[in-house]
Amino acid sequence: MKLTKLGHACWRLEKDGRTLVIDPGSFSGEGLLDGADAVLITHEHFDHVDANLLKNAGPGLEVFTCRAVADQLGRILAKVQVVQHGDAFTTAGFDVRAVGEWHARNLPDVPPVQNVGFLVDDEVFYPGDALTPPGVEVPTLLVPTGGPWLKASDTILYLREVRPARAYSTHDGLYNEIGLKLVDNWLGGEAEAQKADFRRIPVGESVEIS
């Protein structure tokens, strides 16, 4: 499987000539759906879903997401399917399981929105904007490292709870160069402590995992 960081919280997974895109939001650049056979969307915030982008997608695209996002998209050409915690499905040749229900809390008086994470091929887990325990062994974790709902210590404790073999930074588009260096230092220190591969993949670069 080839894993590519497209920007901020968006990732492309490629396997056997098929392409799966996770969270194509408005912070993540251009061409997010190029070659995509299917899309997974964790929640309704605009940095994770660009509604206009999806509304312009063709009928061959499959979209899997929570009810709140499906309601936001309305009737579009792409095939939108609602999933929730515990659901399992296959799309574009990838086996996927939905994990989690709610976004991490931002403000004390603002209720959290729906948020569903995705475990792909029992290999890659992307929790969205949450630190949901996956409940199973996770070889590769796309770990959130920034945002108004997150502290650095939350990220490190999550890595210690999940203990993946590999973890790559996501939700890091709000950082400037100084902030990204901090992310690199946090992940590097924990990688050394756990004897694992924890790091940030620059936008547009890829890794091969198996």
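- Applying the ring pair (Phe, Tyr, Trp, His ring centres under 6.0 Å) criterion to F64, with sequence neighbours excluded, gives F89.
- When the side chains of ILVMFWY residues are joined at heavy-atom separations under 4.5 Å, either directly or via intervening members, V96 and V39 end up in two distinct hydrophobic clusters.
- By the 4.5 Å heavy-atom criterion applied to side chains, V21 and L40 are not counted as neighbours.
- The environment of CD in E208 is crowded: more than 12 heavy-atom neighbours from other residues, nucleotides or ligands sit within 6.0 Å.
- Inter-residue side-chain proximity for L119 and P134 is flagged as unmet; no heavy-atom pair is nearer than 4.5 Å.
- A distance of 9.5 Å separates CD1 of I41 from SG of C10, quoted to the nearest 0.5 Å.
- Scanning for ring pair (Phe, Tyr, Trp, His ring centres under 6.0 Å) contacts around F27 gives H8, F46, with sequence neighbours left out.
- Between the side chain of S169 and the backbone N or O of R200 there is no donor-acceptor pair closer than 3.5 Å.
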| Under the side-chain contact (heavy atoms from CB on, under 4.5 Å) criterion, do V143 and Y158 qualify, and how do the steps go? | CA-CA 8 Å; V143 61; Y158 190 51; 4.1 Å; yes
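- Remark: the backbone N or O of A68 is not paired with any side-chain donor or acceptor of D71 at under 3.5 angstrom.
- Y126 places no side-chain N or O within donor-acceptor distance of the main-chain N or O of T42, the cut-off being under 3.5 Å.
- Here the closest heavy-atom approach between residue L53 and residue P24 is recorded as CD2-CB, 4.1 Å.
- In this structure, L77 shares a hydrophobic cluster with no other residue, the cluster being traced through Ile, Leu, Val, Met, Phe, Trp and Tyr side chains under 4.5 angstrom apart.
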| said: Pair E14, T4 - check side-chain contact (heavy atoms from CB on, under 4.5 Å), show working. | reply: CA-CA 8 Å; E14 298 171 84; T4 304; 4.0 Å; yes
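- For K5 and D172, the salt-bridge test passes: some basic side-chain N is under 4.0 Å from an acidic carboxylate O.
- With Y175 contributing its side chain and L182 its backbone, the two residues share no donor-acceptor pair below 3.5 Å.
- The closest side-chain heavy-atom distance from V203 to L6 is not below 4.5 Å.
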| said: Please evaluate residues V138 and V124 with respect to the criterion side-chain contact (heavy atoms from CB on, under 4.5 Å), reporting the C-alpha separation (whole Å), side-chain torsions for both, the decisive distance (0.1 Å), and the verdict. | reply: CA-CA 7 Å; V138 171; V124 177; over 6 Å; no
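- When all heavy atoms of G147 and L174 are compared, the closest pair comes out as CA-CD1, 4.3 Å.
- Scanning for side-chain hydrogen bond (donor to acceptor under 3.5 Å, both in side chains) contacts around T19 gives an empty result, with sequence neighbours left out.
- No side-chain heavy atom of T65 sits less than 4.5 Å from a side-chain heavy atom of V83.
- Side-chain atoms of N56 come within 3.5 Å of backbone N or O of N52 as a donor-acceptor pair.
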| Under the side-chain contact (heavy atoms from CB on, under 4.5 Å) criterion, do T91 and D37 qualify, and how do the steps go? | CA-CA 8 Å; T91 184; D37 299 293; over 6 Å; no
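- Note: the hydrophobic cluster containing L180 also contains I156 (ILVMFWY, side chain heavy atoms under 4.5 Å, direct or indirect links).
- Under the side-chain hydrogen bond (donor to acceptor under 3.5 Å, both in side chains) criterion, D197 pairs with Y168, R199, not counting sequence neighbours.
- Using a 4.5 Å cut-off on side-chain heavy atoms (C-beta onward), D154 and L131 make contact.
- Pairs of residues two or more places apart, or lying in two chains, that qualify as side chain to side chain donor-acceptor pair (under 3.5 Å) and include a residue from residues 116-125 are K15-D121, E123-T140, E123-R166.
- For the pair K79/L61, no side-chain contact is recorded, criterion being any heavy-atom separation below 4.5 Å from C-beta on.
- The ring-ring contact (aromatic ring centres under 6.0 Å, His included) contacts involving residues 186-210 comprise nothing, where partners must be two or more places apart or lie in separate chains.
- For S153, there are no side-chain hydrogen bond (donor to acceptor under 3.5 Å, both in side chains) partners two or more places apart in sequence or in a different chain.
- Closest of all the heavy-atom pairs between G100 and T132 is CA-CG2, 3.9 Å.
- A salt bridge does not link R163 to E137: none of the charged nitrogens lies less than 4.0 Å from a carboxylate oxygen.
- Distance check: H103 NE2 to E44 CD gives 9.0 Å after rounding to the nearest 0.5 Å.
- Using a 4.5 Å cut-off on side-chain heavy atoms (C-beta onward), V116 and V99 make no contact.
- For residues 106-119, the set of pairs meeting the side chain to side chain donor-acceptor pair (under 3.5 Å) definition, not counting sequence neighbours, comprises H43-N115.
- Residue W149 comes nearest to P144 through the heavy atom pair CH2-CB, 3.6 Å, listed as atom of the first residue, atom of the second, then distance.
- The local environment of CZ in R105 is crowded, with over 12 non-hydrogen atoms from other residues, nucleotides or ligands closer than 6.0 Å.
- When the side-chain hydrogen bond (donor to acceptor under 3.5 Å, both in side chains) test is applied to T155, no partner is found at least two apart in sequence or on another chain.
- Side chains of L159 and Q194 form a contact here, defined as non-hydrogen atoms less than 4.5 Å apart.
- For A165, there are no side-chain contact (heavy atoms from CB on, under 4.5 Å) partners two or more places apart in sequence or in a different chain.
- Shortest non-hydrogen contact noted between S206 and K2 is OG-CE, 3.4 Å.
- L32 and L73 fall within the same hydrophobic cluster, where Ile, Leu, Val, Met, Phe, Trp and Tyr residues are linked whenever their side-chain heavy atoms come under 4.5 Å apart, directly or through other members.
- Checking side-chain atoms of H48 against main-chain N and O of D23 turns up no donor-acceptor pair under 3.5 Å.
- Nearest heavy-atom pair across Q72 and A51 is OE1-CB, 4.2 Å.
- Here CG of L13 is found 5.5 Å from CE of M1. Values are rounded to the nearest 0.5 Å.
- Linking ILVMFWY side-chain heavy atoms closer than 4.5 Å, directly or via other members, places L142 and L20 in a single hydrophobic cluster.
- With sequence neighbours excluded, no residue forms a ring pair (Phe, Tyr, Trp, His ring centres under 6.0 Å) with W102.
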